[in-house]
Amino acid sequence: MISKRMFLTSAASAVIAAGAGFIGVRPAIASQAKWNKGDGGYAADGADVVSYFSLDADARGVPGTDSFVTEWNGARWRFSSADTLATFKTYPARYAPKYGGYCAWAVAQGYTAHGDINAWHIEDGKLYLNYNRRIRTRWRKDIPGFIAQADANWPALLTT
């Protein structure tokens with residue numbers, strides 16, 4: 001027969017073990033907020049990430065200002081207007097760059113490199129940054145293939 005004390009000890013151990021399993025998953029979830037913040041401490045080097053979706057394909061990124069700032073998913077974000085800030089606040093995951101704003105081509109190769117706000121590409125409604133325009137040209141030669149490789153590599157890069 002199990003005593004009340006043994007039962008409570010076993011129950012507490014089970015709860016702790018279950019919690020430890022849950023806690024073991026949390027760092028991976030939390031680390032998904034790995035953002036390339038550049039020298040200024042802002043995600044996407046402080047560019048207005050919403051603005052990319054209305055720019056011509058080879059235009060330069062639009063810098064945000066300190067007048068329109070928000071925090072989301074472990075990073076600070078800047079915007080060029082109250083409208084783009086409000087749009088981001090409503091749909092942040094839609095506008096945040098893939099792979100934390102790191103170079104998408106580099107992530108496809110298995111490492112991270114800085115993403116240049118002037119070397120960007122929109123594919124299937126997602127924003128991708130590249131190291132520079134020369135790498136963006138390379139990226140554009142096989143976008144679906146590089147996205148598949150980067151999607152496979154990104155989870156491991158989150159923990160490094």
Side-chain angles (χ1 to χ4, degrees), residues 21-160:
F22 178 72
I23 291 169
V25 173
R26 287 185 69 89
I29 292 168
S31 68
Q32 289 180 20
K34 180 177 181 174
W35 296 104
N36 179 15
K37 296 177 186 168
D39 293 335
Y42 290 97
D45 278 347
D48 182 338
V49 293
V50 173
S51 69
Y52 287 103
F53 293 83
S54 61
L55 294 175
D56 291 332
D58 289 321
R60 299 181 76 70
V62 176
T65 71
D66 288 334
S67 299
F68 305 107
V69 175
T70 192
E71 291 196 23
W72 175 75
N73 203 14
R76 292 183 321 152
W77 301 81
R78 288 174 43 175
F79 299 89
S80 60
S81 71
D83 288 341
T84 56
L85 170 61
T87 299
F88 182 83
K89 283 183 170 183
T90 304
Y91 306 105
R94 180 184 298 174
Y95 295 101
K98 292 288 287 182
Y99 317 123
Y102 289 95
C103 172
W105 184 86
V107 173
Q109 306 311 305
Y111 63 93
T112 59
H114 186 75
D116 182 343
I117 63 169
N118 296 311
W120 58 276
H121 181 84
I122 304 286
E123 184 73 20
D124 292 330
K126 301 290 183 191
L127 173 61
Y128 297 89
L129 300 179
N130 289 119
Y131 179 73
N132 58 29
R133 288 178 177 227
R134 184 179 55 80
I135 294 297
R136 182 181 64 184
T137 299
R138 189 180 297 177
W139 162 260
R140 287 178 172 171
K141 290 180 181 177
D142 183 16
I143 293 170
F146 290 131
I147 289 173
Q149 288 175 323
D151 285 349
N153 291 340
W154 183 238
L157 294 174
L158 285 170
T159 61
T160 59

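Numbers here simply count residues along the sequence, with the first being 1. Heavy atoms only: backbone and side chains are in, while hydrogens, waters and symmetry mates are out.
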Short side-chain to backbone donor-acceptor contact, Asp56 and Asp58, under 3.5 Å: no
Polar side-chain atom of Trp120 near backbone of Leu127 as donor-acceptor pair, under 3.5 Å: no
From [X] [atom1] over to [Y] [atom2], what is the distance, rounded to the nearest 0.5 angstrom?
| X | Y | atom1 | atom2 | answer |
| --- | --- | --- | --- | --- |
| Leu158 | Asn153 | CG | CG | 11.0 Å |
| Trp154 | Lys98 | CH2 | NZ | 9.5 Å |
| Tyr131 | Tyr102 | OH | OH | 14.0 Å |
| Asn118 | Asn130 | CG | CG | 12.0 Å |
| Ile147 | Asp142 | CD1 | CG | 9.5 Å |
| Lys89 | Trp77 | NZ | CH2 | 14.0 Å |

If you compare all heavy atoms of [X] against all heavy atoms of [Y], which two are closest, and at what distance to 0.1 Å?
| X | Y | value |
| --- | --- | --- |
| Ile117 | Ala47 | CG2-CB, 3.7 Å |
| Pro155 | Ala152 | CD-O, 3.5 Å |
| Tyr128 | Ala104 | CD2-CB, 3.9 Å |
| Asp48 | Ser81 | OD2-N, 4.2 Å |
| Trp35 | Ala75 | CD1-CB, 3.4 Å |
| Gly115 | Leu129 | CA-CB, 4.0 Å |

Does the plane of the ring in [X] sit parallel, tilted or perpendicular to the ring in [Y]? Use 30° and 60° as the thresholds.
| X | Y | result |
| --- | --- | --- |
| Tyr95 | Phe53 | perpendicular |
| Trp72 | Phe88 | perpendicular |
| Trp139 | His121 | perpendicular |

Are [X] and [Y] packed together at the side-chain level, in the sense that at least one heavy-atom pair is separated by less than 4.5 angstrom?
| X | Y | value |
| --- | --- | --- |
| Phe79 | Val50 | yes |
| Asn73 | Pro92 | no |
| Tyr52 | Val62 | no |

Neighbour count >12 (heavy atoms, 6.0 Å) for atom CZ, Phe146: yes
Pairs where residues 105-117 contributes a residue and the test side-chain hydrogen bond (donor to acceptor under 3.5 Å, both in side chains) is met, not counting sequence neighbours: Asn36-His114, Asp45-His114
side-chain hydrogen bond (donor to acceptor under 3.5 Å, both in side chains) contacts in which one or both residues fall within residues 59-71, not counting sequence neighbours: Tyr42-Asp66
